[in-house]
Trainee: 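Shown below is the structure under consideration.
Chain naming here is simple, since letters A, B, ... match the order of the sequence lines and numbering starts at 1 in each.
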Amino acid sequence: MVEGVSYTADEMMTVTAARHLRDGQVCFVGIGLPSEAANLARLTHAPNVVLIYESGTIGTTPDVLPLSIGDGELAETADMVVSVPEVFSYWLQAGRIDVGFLSAAQIDRFGNLNTTVIGRYDQPDVRLPGAGGAPEIASSAREVIVMLRHRRRAFVPEVDFVTSVGFGRRGEGRGGHRGAGPTVVITDLGVLQPDPQTHMLRLVAIHPGVDVEQARAETGWELEVADDLGVTEPPTSEELAVLRDLKARTEAAHSA
Amino acid sequence: MVEGVSYTADEMMTVTAARHLRDGQVCFVGIGLPSEAANLARLTHAPNVVLIYESGTIGTTPDVLPLSIGDGELAETADMVVSVPEVFSYWLQAGRIDVGFLSAAQIDRFGNLNTTVIGRYDQPDVRLPGAGGAPEIASSAREVIVMLRHRRRAFVPEVDFVTSVGFGRRGEGRGGHRGAGPTVVITDLGVLQPDPQTHMLRLVAIHPGVDVEQARAETGWELEVADDLGVTEPPTSEELAVLRDLKARTEAAHSA
Amino acid sequence: MAEFTTLREAVADLVPDGVSVAMEGFTHLIPFAAGHEVIRQEKKDLTLIRMTPDVIYDQLIGMGCARKLVFSWGGNPGVGSLHRFRDAVENGYPRPLELEEHSHAGMATRYAAGASGLPFGILRGYKGSDLVQHTTVAQIECPFTGEEVAAVPALNPDVTIIHAQQADRSGNVGLWGITGVQREAALAATTVIVTVEEIVDELDRNGPNHVMLPHWTVTAIAPVPGGSHPSYSLGYSKRDNRFYTEWDRISRDPDLFRRWVEAYILDQEDFGGYLRMVQDSAALEEVLGG
Amino acid sequence: MAEFTTLREAVADLVPDGVSVAMEGFTHLIPFAAGHEVIRQEKKDLTLIRMTPDVIYDQLIGMGCARKLVFSWGGNPGVGSLHRFRDAVENGYPRPLELEEHSHAGMATRYAAGASGLPFGILRGYKGSDLVQHTTVAQIECPFTGEEVAAVPALNPDVTIIHAQQADRSGNVGLWGITGVQREAALAATTVIVTVEEIVDELDRNGPNHVMLPHWTVTAIAPVPGGSHPSYSLGYSKRDNRFYTEWDRISRDPDLFRRWVEAYILDQEDFGGYLRMVQDSAALEEVLGG
């Protein structure tokens with residue numbers, strides 16, 4: 001879209017998330033967009049980023065993206081593979097994770113995440129997969145990067161169920177958790193961060209070509225916008241090339 | 001001593017202990033006499049006995065006796081080697097051990113064992129090595145075989161320090177522990193077992209050529225003797241041959 | 001103590017109706033063959049336990065074998081929902097499904113406590129999550145620092161079933177690659193059934209992360225080559241990603257699902273029959289179209 | 001994050017007086033070279049931590065480096081007493097030694113809690129043992145069953161020092177054979193120093209029970225071939241059983257002990273000098289006789 005390089009909103013989201021990782025950081029990664037972003041970082045500016053998947057693969061360097069959290073590729077390219085109890089106790093809970101990635105079906109203005117149910121727990125409208133590793137990633141990782149597509153049904157004033165805590169139902173803060181919680185929420189429209197005082201998520205950057213009103217319209221609460229609202233740098237041609245290469249390799253490998 | 005086969009009192013003790021193991025039992029073994037006895041059992045009537053040493057070696061089949069609890073031989077001949085935390089949690093504490101062997105500097109009439117201090121804890125006359133794995137072997141193994149030489153200074157009315165509990169200071173019983181405790185005490189003079197009612201150790205068998213008075217004299221409390229006092233079968237020539245072979249191999253290996 | 005047997009006999013003898021069963025596997029080494037056998041033998045009222053109930057649990061739940069599910073993440077990995085699981089929870093179809101829901105960290109702690117012979121395990125977790133109001137978790141205080149941590153009850157399945165790469169002739173079981181929580185699930189259980197790709201003279205222990213269950217911790221071993229399909233067995237088979245994608249379509253419609261289970265499981269003698277059928281991609285359209 | 005350095009620099013920079021230090025090793029891979037370096041640099045007021053303090057801790061205690069010992073079994077394995085340890089406890093010589101004493105199971109639980117970031121760990125243990133009156137242990141109740149279990153405080157050494165077979169050029173550390181509690185001790189510590197037999201291009205991970213510490217969990221790595229003598233490094237060296245027997249004689253007499261430490265440790269530039277000296281069996285008689 002810019003300078004003749006065309007890219008999709010998902011690519012913008014992935015590239016933005018990748019840029020948030022610094023070289024050498026230890027990342028707890030889930031499947032899907034987080035895995036794409038973390039591996040893009042590893043293949044571009046952060047070659048020494050350490051990727052941990054909850055299946056127990058530590059320091060893994062997959063050549064193609066995993067389709068599941070336990071693909072053989074993850075084990076075969078890992079520095080070490082540990083048991084699932086160990087990955088949660090000696091590695092996540094011990095505070096060894098710099099950055100945890102999370103997604104959700106719903107997020108509220110205080111960064112609380114719902115992956116459990118839409119509707120009432122006992123009689124759900126939609127039963128979602130559940131907690132998985134998320135509650136303890138949310139509490140134990142030094143910081144959490146949330147990635148999800150910016151849609152009004154996902155950005156709700158109050159989540160139906162707090163699976164993983166951000167800053168609490170009333171924005172009361174981190175309640176003694178060791179990690180800093182969701183320091184950034186990256187969407188396909190822009191970037192949100194919690195206000196240091198109120199803990200309420202506000203728009204701090206929009207992606208090129210996106211209108212602030214669009215972000216407001218897709219947010220279920222009255223979205224605050226930072227005074228110094230930034231505009232994300234569009235993906236470089238290198239970022240795009242590496243990402244597309246990775247996805248093409250992945251596609252080829254998984255359809256084989 | 002009998003039928004022209006001569007043997008030592010220690011050999012009699014080891015052979016007696018070995019006979020107490022049944023094929024297929026899972027044994028938690030310490031260094032020294034227990035290790036001798038357990039391996040003798042494995043090399044004679046109990047080829048499928050499973051030996052576990054607290055260094056984490058599970059199903060080990062050493063060709064020579066280990067000098068330390070962590071000899072390389074133990075790891076190299078083991079079915080598996082696990083970490084020390086795991087050997088105590090997933091294996092001993094979980095109740096997977098049929099028989100635990102223990103020794104001690106002192107034992108009292110209720111089978112309580114002291115490996116901590118002679119004298120007062122804060123100002124000991126003799127500081128002993130300490131607990132090691134013994135307290136939890138004493139509580140978690142299905143039964144405990146105690147092996148120690150029968151001397152008045154070791155067989156005391158009350159131990160100076162209960163490192164590992166037998167039937168309690170006043171013989172009150174097992175206090176909710178899962179294992180049955182010391183079901184047999186094997187010495188170089190004979191065999192003692194707790195009275196089912198009083199939990200007091202009494203002499204149930206003497207070794208050939210040993211006088212009951214000798215056992216009484218070497219016991220620091222008034223030793224009860226079973227009405228049907230048995231006499232241990234002397235070592236067979238096969239038992240002796242296998243034991244001496246094992247010890248000769250061991251000596252040769254360790255002095256090399 | 002491990003007995004060599006067939007999967008049919010193992011399930012018939014060792015998995016009575018009403019017991020709690022963990023069929024564990026973290027994407028890798030999922031015991032699909034065992035799950036099919038449970039369906040084929042029409043087991044009822046099971047409490048199914050698993051951190052990551054996936055397609056095989058979707059099949060069991062869809063066929064009404066389960067009364068209750070103990071779990072921490074129920075989805076089709078990399079694809080989306082488990083539709084039979086959702087139907088049971090959202091609509092009570094084909095029967096209501098009681099849930100006992102935890103986080104992964106909580107489930108892993110529960111299994112580890114079970115394997116350790118402890119009544120409970122502790123972790124930093126659950127705090128601030130609404131899970132607290134809907135599951136069995138307690139806060140306890142550190143007697144030394146006063147800090148609060150979460151306590152969760154030990155998990156000791158009546159039966160744990162896993163799939164492994166190898167067993168040797170003594171019945172020692174070897175598995176490697178992503179080993180998940182299988183060792184804890186097995187050591188926590190009263191009865192342990194293991195299906196294996198292969199029986200070998202000596203376990204292949206070259207390479208890191210080899211995990212063993214000694215023969216005396218295993219109840220029954222049944223060789224079922226390919227027994228983890230559509231999951232995989234590192235060194236033996238690849239994950240059938242296409243199957244997972246197709247499952248979304250098969251499971252969405254209760255009638256299609258039923259037809260699929262009849263053709264691929266109930267009408268088959270054993271897992272070998274299923275494996276022959278999934279080779280034939282035309283068969284699927286015929287079954288679902290019919 | 002692992003820095004390659006010399007053992008001298010690592011001890012000088014990372015082991016200040018007064019810290020708590022765990023030099024772990026369960027008979028195998030005992031970091032003797034590191035212990036000698038601590039003696040050579042005359043470190044003071046250390047809290048020494050170890051499940052099985054053996055000859056190297058006897059040397060440290062005998063030289064007055066330690067203020068306190070946290071342990072579960074203090075003996076010369078397969079031989080008998082640690083005489084310098086006994087002298088410190090029984091007679092306060094050369095200085096009093098405070099004891100914090102546990103069982104093996106308790107110490108293992110404490111390290112595992114430390115490695116897990118928990119304030120305490122739980123186990124079935126201590127009940128009925130007089131240890132309860134002399135150490136830090138509490139009874140806590142299972143919130144689900146009411147059963148009582150023991151709680152012990154987490155153990156988080158300021159510094160853990162271990163000896164391993166290999167490190168690769170990125171600083172990943174590999175060890176195998178009997179691995180004891182080293183992984184937990186390292187993961188529980190603030191600072192981790194590892195001496196290794198060899199630096200290799202790629203870790204040799206063939207064979208079971210290979211354990212790794214990734215480079216980003218290690219502070220400093222120093223190559224010290226033979227650095228575990230008289231303990232051993234599986235695949236590199238054999239246990240020097242004769243040394244352990246001789247130690248009984250050396251350590252029994254404070255003067256012999258002092259002469260031995262001067263000749264074998266203080267007068268040597270580094271562990272290489274010690275290793276050359278122990279090769280020469282005549283040297284010992286000369287030192288002890290002199």
Trainee: Tell me whether B:Ser83 contacts the main-chain N or O of D:Gly180 through its side chain, where contact means a donor paired with an acceptor under 3.5 Å.
Mentor: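 The answer is no, because no donor-acceptor pair under 3.5 Å joins these two groups.
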Trainee: Under 4.5 Å, heavy atom to heavy atom, which residues of residues 47-58 of chain D contact chain B?
Mentor: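 Listed by number, the contacting residues are D:Met51.
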Trainee: Quick check on the interface: out of D:Gly125, D:Gly75, D:Ser103, who has the most heavy-atom pairs with chain B under 4.5 Å?
Mentor: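 Going by pairs under 4.5 Å, I would pick D:Ser103.
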Trainee: Go through the structure and list residues passing salt bridge (charged side-chain N to carboxylate O under 4.0 Å, His left out) with B:Glu158, not counting sequence neighbours.
Mentor: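 For B:Glu158, the residues satisfying salt bridge (charged side-chain N to carboxylate O under 4.0 Å, His left out) (neighbours in sequence not counted) are B:Arg169.
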Trainee: Name the option with the most non-hydrogen atom pairs under 4.5 Å to chain B; the candidates are D:Glu147, D:Glu184, D:Lys127.
Mentor: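 Ranked by contacts with chain B, first place is D:Lys127.
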Trainee: Which residues satisfy the salt bridge (charged side-chain N to carboxylate O under 4.0 Å, His left out) test with D:Arg84, sequence neighbours excluded?
Mentor: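 Once residues adjacent in sequence are excluded, the partners of D:Arg84 under the salt bridge (charged side-chain N to carboxylate O under 4.0 Å, His left out) criterion are D:Asp87.
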Trainee: For chain D, which residues from residues 104-112 of chain B have at least one heavy atom closer than 4.5 Å to it?
Mentor: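 Interface residues of residues 104-112 of chain B: none, nothing closer than 4.5 Å to chain D.
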Trainee: Is chain D contacted by the side chain of B:Val159, its backbone, both, or neither, given a heavy-atom distance below 4.5 Å?
Mentor: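 Neither part.
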Trainee: Can you tell me if B:Lys247 has over 12 outside heavy atoms packed within less than 6.0 Å of its NZ?
Mentor: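 Not buried by this count: 12 neighbours or fewer within 6.0 Å.
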Trainee: Calculate, to the nearest 0.5 Å, the distance between atoms CG and CZ belonging to B:Leu92 and D:Arg124 respectively.
Mentor: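 CZ of D:Arg124 is found 11.5 Å from CG of B:Leu92.
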Trainee: Mind checking the OG1-NE2 spacing from B:Thr116 to D:His134? Nearest 0.5 Å is all I need.
Mentor: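 Between B:Thr116 OG1 and D:His134 NE2, I get 9.0 Å after rounding to 0.5 Å.
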Trainee: Can you tell me how far the NE2 atom of D:His28 sits from the OG1 atom of B:Thr57, to the nearest 0.5 Å?
Mentor: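 Separation between the atoms: 12.5 Å.
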